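Everything numeric here is computed off the predicted structure, so don't read it as measured data. This chain uses plain numbering: 1 for the first residue, then up along the sequence.
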Amino acid sequence: MSSDPWSRPSLEDLRQILESIGKPGSDNVRAVDRLELSVPAEIVTSRGNTISAVTREISRFGLGLLHRGALQPGEVTVKMASENRQFDYRVEIKWCTPCDRGMFISGGEFLAKEEN
């Protein structure tokens with residue numbers, strides 16, 4: 001594992017962390033179903049810092065993230081890319097908690113797009 005707390009985690013780090021988090025139990029009381037989704041992402045904070053991340057899950061209303069470095073609750077931009085397009089989402093980070101190997105998991109709600 002890299003000594004830089006903001007570097008992108010290795011695939012082995014991610015595999016071990018995701019296995020340690022485990023799958024949600026059958027007593028899930030969420031109002032909206034979530035889909036597992038593990039894709040590279042970047043989190044841009046309100047101060048302009050960019051944090052490498054990987055998505056964990058996504059729903060119509062929000063997403064879960066795995067990353068190095070703690071995030072404070074508040075608005076961020078989450079960037080994800082496909083082969084031919086980049087997607088930028090305004091997200092309100094609601095919580096962030098440490099997990100294994102110096103990593104953090106966080107969750108947030110999508111915010112409405114700004115009108116131009």
For the [atom1] atom of [X] and the [atom2] atom of [Y], what is their distance to the nearest 0.5 Å?
| X | Y | atom1 | atom2 | answer |
| --- | --- | --- | --- | --- |
| Leu71 | Ile105 | CG | CD1 | 12.0 Å |
| Lys79 | Gln86 | NZ | CD | 5.0 Å |
| Leu65 | Phe104 | CG | CZ | 13.5 Å |
| Arg60 | Phe110 | CZ | CZ | 12.0 Å |

Find out if a path of hydrophobic residues (ILVMFWY) with successive side-chain heavy-atom gaps under 4.5 Å connects [X] to [Y].
| X | Y | result |
| --- | --- | --- |
| Val91 | Ile43 | yes |
| Phe87 | Leu111 | no |
| Val44 | Leu63 | no |

Heavy-atom distance under 4.5 Å between the side chains of [X] and [Y], does that happen here?
| X | Y | result |
| --- | --- | --- |
| His67 | Ser106 | yes |
| Leu66 | Met103 | yes |
| Lys94 | Glu109 | yes |

Would Met80 and Thr55 count as a side-chain contact (heavy atoms from CB on, under 4.5 Å) here? Give the steps.
CA-CA 9 Å; Met80 293 183 275; Thr55 61; 3.5 Å; yes
Does CD in Glu92 sit with more than 12 non-hydrogen atoms of other residues, nucleotides or ligands closer than 6.0 Å?
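Atom CD in Glu92 is crowded, with more than 12 foreign heavy atoms closer than 6.0 Å.
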Taking side-chain contact (heavy atoms from CB on, under 4.5 Å) as the criterion, tell me which of Thr45, Asp88, Thr50 meets it with Thr77.
Asp88
